[in-house]
2 protein chains.
Amino acid sequence: MTVTPETGTPPTRGKRPKQGEPVIDRALSLLAVFSDRRRALTLSELARYADMPAPTALRLIARLVAWGALERLDDGRYVVGVRLWEVASLSPRGHGVREIALPYLEDLFEVTRHHVLLAVRDNEQAVLIERLSGKDATEVAYRVGGRAPLRSTAIGLVLLAGADQQFQETILKRPPENEPGVPEMPEGQLRRTLSDVRRTGIAMIRRTVPSRTVSVASPVFDAQGAVVASLSIVVPDGSTPPNVLAPAVRAAARAVSRNLGYQAEASAGVRTHSPG
Amino acid sequence: MTVTPETGTPPTRGKRPKQGEPVIDRALSLLAVFSDRRRALTLSELARYADMPAPTALRLIARLVAWGALERLDDGRYVVGVRLWEVASLSPRGHGVREIALPYLEDLFEVTRHHVLLAVRDNEQAVLIERLSGKDATEVAYRVGGRAPLRSTAIGLVLLAGADQQFQETILKRPPENEPGVPEMPEGQLRRTLSDVRRTGIAMIRRTVPSRTVSVASPVFDAQGAVVASLSIVVPDGSTPPNVLAPAVRAAARAVSRNLGYQAEASAGVRTHSPG
DNA sequence: ATGCTCCTTTCATTGGTTGGAATAGTATTG
DNA sequence: CAATACTATTCCAACCAATGAAAGGAGCAT
């Protein structure tokens with residue numbers, strides 16, 4: 001990698017191609033190499049994917065291992081360590097909401113016996129914070145710690161609808177991604193959908209890939225009335241009808257919101273407009 | 001570290017007290033400042049607790065925020081970020097076992113309606129990987145991401161009993177910690193207990209603090225037959241008797257083990273000795 | 001006004017960081 | 001069994017990113 005063919009001045013002793021990146025960035029880029037498909041990596045793999053010389057990678061990794069951010073397996077490969085997981089569990093938007101929401105997710109799961117999801121928004125995607133699934137539940141595309149698009153999932157639509165206006169515009173302007181299995185909405189329809197989501201507190205989407213499912217999602221508010229998370233249920237298309245699921249999902253989401261300190265201003269009927 | 005006490009030449013311009021620590025270590029020490037009680041911190045707090053000048057802390061933090069390891073709140077404080085949580089979710093001993101174990105934990109939870117815990121060992125402590133609790137469950141000392149001692153908890157005893165011999169000796173030699181609420185065992189009794197745990201696949205402990213509870217734990221094995229996790233249930237003392245709980249806990253732990261690729265060599269009766 | 005704390009920017013100094021080269025270890029191939 | 005190819009590790013001189021005192025600015029209390 002990074003071999004410059006033409007060296008203008010004959011170097012007295014080797015040249016430094018890509019020096020000049022902060023050490024932390026490099027260390028973090030090593031962590032970023034890990035993914036769902038790459039959970040255990042060798043030194044050379046890490047060096048290759050993070051695009052740095054092996055000695056450099058080794059030195060950085062040694063420090064990460066010493067701290068516990070990475071762990072070394074018997075076969076010499078590296079995996080993400082428990083210490084890092086431990087610190088990460090202090091993430092308010094990660095384990096934070098999860099901790100509060102979990103009992104209500106469990107209730108919903110027990111009653112329905114279908115996938116129950118909790119997600120937060122990170123930039124332009126939804127990050128799955130929790131997923132409860134039976135051993136025999138239908139196939140579902142996303143795993144905890146994974147990311148989902150905002151526009152083509154129920155859980156994402158809720159987060160998008162609750163985002164600040166400026167961010168929404170950015171996303172709305174973007175050309176459709178054409179994800180398979182979900183009919184992509186034109187901008188106008190998407191706008192109307194988002195408005196509906198805000199009004200009713202419910203987003204609903206049908207997908208055919210990886211299996212025919214219906215998702216129903218509802219927003220979770222914090223004490224300031226901002227949408228901090230999205231709670232969703234995914235059932236096989238044709239089983240429980242969405243209009244039956246909606247109240248249960250909405251109720252669970254409201255219960256979580258209340259535990260976060262959210263005070264709904266009116267208790268009767270459907271709110272015509274959410275604050276903010 | 002590495003502070004030379006005698007500086008021969010009087011420094012021309014200010015001294016650098018603690019210069020010389022690798023950047024990564026400093027960055028990681030910033031992360032380590034966060035704890036259960038300190039989830040949102042200001043720059044000066046971070047700098048103070050991590051023992052470094054504010055400008056240095058700010059520079060490092062800026063990089064961590066850029067990557068997503070930390071997030072900045074509206075009030076200027078910093079919290080652990082979702083991006084870090086996301087990478088950490090790839091930790092095999094963190095979310096890895098959790099993901100496989102969760103359905104079985106749920107079953108156990110539903111049947112008993114009491115705390116169900118999952119933990120792995122990190123060095124000399126147990127790290128809580130998962131905890132299922134009803135909204136109305138009894139008070140329990142440990143939270144997910146938190147740590148528990150090995151010798152005075154059921155979940156810890158299982159992990160200790162399954163650790164390599166050398167490590168066990170290290171711990172056994174250590175003087176008792178005298179945790180309140182649990183009778184501390186002398187070395188001999190502890191040895192016998194660990195042996196029993198290995199033989200029966202069950203550890204049991206009564207505590208009186210923070211409330212009167214009984215914990216029953218059982219080991220989770222991986223494909224190599226090593227104890228990788230510990231599964232436990234905590235019930236109020238006097239409710240369901242431990243000997244009723246034990247089979248359920250053992251069964252759940254075995255189910256998880258099987259999903260990890262563990263093959264019990266004999267299916268009849270109680271194994272007299274675990275492999276290793 | 002004065003003092004205080006916290007956040008941020010600047011900049012000359014320097015020691016931690018760097019990566020090519022060399023060595024050792026391991027697996028695969030002919 | 002040598003040859004090849006790969007990975008992991010150690011070494012070290014060059015050098016630039018990292019450093020932190022100093023100073024400026026913002027906010028708040030007295």
Side-chain angles (χ1 to χ4, degrees), chain A residues 1-30 33 38 40-67 70-79, chain B residues 1-5 7-31 33 38 40-67 70-79:
Chain A
M1 324 288 136
T2 345
V3 190
T4 334
E6 296 262 333
T7 321
T9 22
T12 346
R13 192 349 193 13
K15 32 119 199 82
R16 252 138 256 244
K18 200 202 169 179
Q19 210 184 23
E21 207 182 358
V23 206
I24 305 187
D25 289 10
R26 298 185 155 207
L28 292 173
S29 76
L30 282 169
V33 168
R38 308 189 201 286
L41 296 162
T42 63
L43 168 62
S44 44
E45 285 172 329
L46 277 161
R48 195 164 36 248
Y49 295 135
D51 191 31
M52 60 178 81
T56 302
L58 180 63
R59 207 175 335 113
L60 300 182
I61 290 170
R63 301 247 56 78
L64 293 172
V65 169
W67 188 79
L70 296 180
E71 291 173 5
R72 188 158 203 196
L73 302 179
D74 295 335
D75 62 9
R77 290 184 303 167
Y78 297 94
V79 296
Chain B
M1 326 290 138
T2 346
V3 191
T4 333
T7 320
T9 28
T12 347
R13 162 71 174 315
K15 38 124 194 70
R16 254 141 252 245
K18 202 199 167 183
Q19 208 185 28
E21 206 182 359
V23 205
I24 306 187
D25 288 9
R26 298 184 156 208
L28 292 173
S29 76
L30 281 169
L31 292 183
V33 168
R38 306 191 202 286
L41 297 162
T42 64
L43 168 64
S44 45
E45 285 171 330
L46 277 162
R48 194 163 37 246
Y49 295 136
D51 190 31
M52 61 179 80
T56 301
L58 179 64
R59 208 176 333 113
L60 301 182
I61 289 170
R63 301 247 55 78
L64 292 172
V65 169
W67 188 79
L70 297 180
E71 290 173 6
R72 188 159 204 193
L73 301 179
D74 295 335
D75 61 9
R77 290 184 304 167
Y78 297 94
V79 295

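By convention in this document, chain letters (A, B, ...) are assigned in the order of the sequence lines, proteins followed by strands, and residues within each chain are numbered from 1.
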- Can you figure out which of C/dT17, D/dT9, C/dG19 approaches the side chain of B/Pro22 most closely? C/dT17
- CD-CG distance between A/Glu71 and A/Leu64, expressed to the nearest 0.5 angstrom: 12.0 Å
- Item | Whole angstrom value for the distance that separates P of C/dT5 from CZ of B/Arg48 | 10 Å
- Message: Rounded to whole Å, please give me the gap between CG in A/Leu58 and C1' in C/dA24.
- Response: 14 Å
- Task: Whole angstrom is fine here: how far is it from CZ in A/Arg77 over to C1' in D/dA8?
- Result: 15 Å
- d(A/Met52 CE, A/Leu30 CG) to nearest 0.5 Å is 4.0 Å
- Over how many whole Å does the gap from A/Leu43 atom CG to C/dT26 atom C1' extend? 14 Å
- Item | Spacing between B/Glu21 atom CD and C/dG16 atom C1', to the nearest angstrom | 12 Å
- Message: Go nucleotide by nucleotide along DNA chain D from the 5' end; which of A/Pro55 and B/Thr56 gets its closest nucleotide reached first?
- Response: A/Pro55
- Item | Value in whole Å for how far the C1' atom of C/dG19 lies from CG of A/Asp51 | 13 Å
- Task: Starting from the 5' end of DNA chain D, give me the residue, A/Thr42 or A/Ile24, whose nearest nucleotide shows up first.
- Result: A/Thr42
- Separation of D/dA18 atom P from B/Leu64 atom CG, nearest Å, is 12 Å
- Query: Among B/Val33, B/Leu41, B/Val65, B/Leu73, whose side-chain contact (heavy atoms from CB on, under 4.5 Å) with B/Tyr78 holds?
  - Reply: B/Val65
- Message: Quick check on the helix from C/dA1-D/dT30 to C/dG30-D/dC1: what's the angle between its two end axes, five base pairs per end, to the nearest 10°?
- Response: 40°
- Message: Under 4.0 Å, counting only non-hydrogen atoms across every strand here, what does B/Arg63 touch: a base, just sugar-phosphate, or nothing?
- Response: nothing
- Message: Please compare B/Arg59 and B/Glu45 by the position of their nearest nucleotide in DNA chain C and report the one closer to 5'.
- Response: B/Glu45
- Take the protein atom CG of A/Asp25 and the nucleotide atom C1' of C/dT17, then report the distance between them rounded to whole Å. 14 Å
